[in-house]
Amino acid sequence: MMSAEFLRALNEKQREAVEATEGPLIVLAGAGSGKTKMLTSRITHLMVHKGVSPHSILAVTFTNKAAKEMRERVEKFSGGNLGWNTPEIGTFHSVCLKILRFELASTPYVKPFVIYDDSDQLSLIKTICRKMTLDEKQFNPKAIQATINRAKCDAVEASQYQPANFNHFQKKVREVYELYQNELFAQCAIDFGEIICLTYRLFRDNPEIRQKYQKRFKYIHVDEYQDTNRAQYLLLSALAGKTAGGHQNICVVGDEDQSIYKWRGADIRNILDFEADYPGAQIVKLEQNYRSTQTILAAASHVIKNNRERREKTLWTENEAGHKIVRVKAPDERVEAEFVISEIKRLAHEETYALKDFTIFYRTHAQSRQFEDVLRREKIAYQIYGGLRFYDRKEIKDILSYFRVLINPLDSVSIKRIINTPTRGIGKTTLDKVEEYQIAQERARGQVVPYWQALLEAAGLEHPDPAVPATTILTGAALKKLQGFIYLIEQFREKAKSFLPTELFHWILEETGYVRELKEEATDEALARIENLEEFDNLLQEFEEDQFAEKTDAEQAELRPRLLDIYIEQATLDSDSATRAEQAELDRLSMMSLHSSKGLEFPVVFMVGMEEGLFPSIRPWEEGAEEEIEEERRLCYVGITRARERLYMSHVGVRRLWGETHYQEPARFFAEIPDSVIDERDLSYGSVGFVSRRSSEFRSTTQTSTFGGSKSFTGSAHVLHGAKFIHPDYGAGRVVAVEGSGEQEKVVVEFSAKDKRKFITKYVRQFIDID
DNA sequence: TTTAGCTCAATTTTT
DNA sequence: TTGAGCTAAA
């Protein structure tokens, strides 16, 4: 491609952003406004027209998919002649990891580390809780994990962890956090959060290292800036910001309206406060949408404008008005699913849509069941996104654990995973004894004793004091079996020195009898596992071929011993790559959560289960409702703006959830979309099926929820007290208290002596009988 | 050491 | 309602 050609393909605003290469720049990129095109053009422009060395350019994304796409487009724009000098384009995690590995000497790690994913992290936390003899009921390991990870998102270290009202639970979390960090470093392992935090601390505490990278990365780009957390923000500040040496050549791209990961630590303030952080920053708004019809954009705009935490921004398009949005009311989730699938079949027949042009978005994965049932019955090919990932499957994790133990003997999580997998008679009693021994030794020696070391000593193969002959704490069969395991691993380690990953994989399966055991089991589940292992074999082979491609013999020889490390890292950090390969280019109907829909687009979108309590998924009696509602509204906005041509939104009257029957109200978002762009259908029993009609029934219910005038409520607060209350679910009750006022006003209703519930008044008004 | 039954919890998940 | 993960029987 000729150098100026890619610039001509841009609109005025995109070009403005591309050409503003010096100083801080924030690009507010609405959905479907050509953000990636802008970013990749900008990077190309820097290299081709500004003579900037690719080596000086950094671009960080959140997903591997986004990074890959960006790399490919930059490569294409610059005519494929970049050679080896390419810009650094990667995820936050992969970029940080590269830096950490390079600067290993300045980190707490004494040798290269492995990455612990969330489940590895949880096992380690459980071990620590056991060592601390914490009551798992009171101190739920998952809750502890979530708290630690949240602290890491906020860049809070264990020693600083001291929240405002430091409660009993949090004090224990701090203890666990401290021990956990010790173990991480001792085991040469790192978790996702630590990858970011440690890199930040590396820059913060080592000015010379910071300056080195400040000098290297002269042009910094950040994608999806609205999703950055505190730690990522600080990291970027250290590199580009006000810190000594910061050049402030930073270009952030994002859309606060698409910020849906607050619950994972993303801080929307980062994008809202950018100009305050970088005074004099240029602002460019990308508001022209190239994806959706006017109708779809109108709906999206009307919904999102109800949020307060945002900047004014209006999407527009040159596309046609298109079809109206179809709002569907089904009596229950069964009919909802039947309708959606029959509509898909109808459109696929009558129009020229392929199956992959359709998608179903839901708020929770549990909702997929109904649709799956119908699809299986109708024999329609489908694909669920975001379920169990390939690398998360048990058998795959087991094999990866073998690999990891061979690379890093200090990785206790992986050792514990495979020590009795497949079963080799090393049971709980034996393992308890080893752990007991390990704890005693750690106390005696005042330092972490690696689990592998404890195993060696327990098996009488080594002694803490080399001068003393080894003794054993185990006897008989248990001892023999543990020794057998140790010899097995040592044998594998020997093989790992010369084997390719595929060869090692086959060897391990053979020696452990992993597949043999599954074959004997012969259940459907076991057979599926064998298939997955075969798939793993393919992936591993492809990986080796990829790595060796276009390399000289000498380069291949140099690469060979590192293959296993590279593979493990990819499997942990890009756990989606396997699934992506699997599902490429298949004509299937896709289903996914609204969260996973971000960044995608489809000609026809079905948003299902749009009901108060499910989506928005707010429990009305919980606090902090307004901010949560805004996040749910953004989620709705994301869903709507995925649609190119047609959009359906459905809700049901009755939904069975966890064995309970719920009478559902339509989502408040319906009331925010103008009637003029909506076509309503009521599938209720008794009404004529699939016949379009203007229902006054809907309007009356939605108006109840919009009817939030504080005047009428504050006046009636005392009147409500003592009022009779008939709830369709809980039956008759009485209002015993009224809390808050205006929009936030809640009533406490007593249904029985021990059953009191809180409701936001404006949503339950129709249940209150004031007389 | 395996297994059957029990309890418990249950949004969203880029890395 | 479902499933995962864990304690009492075989």
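Letters A, B, ... mirror the listed sequences (proteins, then strands); counts begin at 1. Source: prediction; values computed, not measured.
Contact check, A:Ser593 against B:dT13: a side-chain N or O comes under 4.0 Å of OP1 or OP2. Look at A:Ser596 and you'll find a side-chain N or O under 4.0 angstrom from OP1 or OP2 of B:dT13. At the phosphate of B:dA10, neither OP1 nor OP2 sits under 4.0 Å from any side-chain N or O atom of A:His365. For the OP1/OP2 pair of B:dT14 and a distance below 4.0 Å, the side-chain nitrogens and oxygens of A:Arg389 include at least one atom meeting the criterion.
Under the 3.5 Å distance criterion, the side-chain polar atoms of A:Thr127 are matched with a main-chain donor or acceptor of A:Ser123. Side-chain N or O atoms of A:Asp255 include one that pairs as donor or acceptor with a backbone N or O of A:Asp257 at under 3.5 Å.
Side chain to side chain, A:Tyr261 and A:Asn229 fail the donor-acceptor criterion of an N or O pair below 3.5 Å. A:Gln383 and A:Ser590 share no side-chain donor-acceptor pair at under 3.5 Å. Using modelled atom types, one finds no donor on one side chain facing an acceptor on the other under 3.5 Å when comparing A:Tyr663 with A:Arg655.
Counting any heavy atom pair closer than 4.0 Å across all strands shown, A:Thr423 reaches sugar-phosphate atoms only and no base atom. A:Asp118 comes within contact range of at least one nucleobase, with a heavy-atom separation under 4.0 Å. Residue contacts shown for A:Thr572 are absent, as no nucleic acid heavy atom lies under 4.0 Å away. Across all strands shown, A:Phe615 has no heavy atoms under 4.0 Å from either base or sugar-phosphate atoms. Within the 4.0 angstrom heavy-atom criterion, no nucleotide atom of any strand lies near A:Glu569.
Out of B:dT13, B:dT15, B:dA10, the shortest distance to the side chain of A:Asn64 is found at B:dT15. Looking at the side chain of A:Tyr261, the nearest of the listed nucleotides B:dT14, B:dT15, B:dT11 is B:dT14. When each of B:dT14, B:dT13, B:dT11 is scored by its nearest atom to the side-chain atoms of A:Phe62, the top-ranked nucleotide is B:dT14.
Nearer to the 5' terminus of DNA chain B, by closest-nucleotide assignment, is the contact made by A:Asn420 (compared with the other of A:Ala366 and A:Asn420).
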Look for any protein N or O under 3.5 Å of an N or O in nucleotides 3-10 of chain C and output each such pair with its distance, or none.
none

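Here the shortest heavy-atom pairing between A:Ala67 and A:Thr61 reads CB-OG1, 3.5 Å.
For the C1' atoms, the distance from C:dG5 to B:dT12 is 23 Å, rounded to whole Å.
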Legend entry - Dot-bracket notation for DNA chain B, counting Watson-Crick and G-U pairs under 3.5 Å, with | for partners on another strand: ||||||||||.....
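The CG-P distance, from A:Leu122 to B:dT13, rounds to 18 Å in whole Å.
One finds a salt bridge joining A:Lys598 and A:Asp227 here, because a Lys/Arg side-chain nitrogen approaches an Asp/Glu carboxylate oxygen to under 4.0 Å.
Not counting sequence neighbours, the partners of A:Lys397 by the side chain to side chain contact (heavy atoms under 4.5 Å, CB included) test are A:Asp117, A:Ser119, A:Asp120, A:Arg417.
Annotation: side chain of A:Phe139 is not in contact with side chain of A:Val176 (no heavy-atom distance under 4.5 Å).
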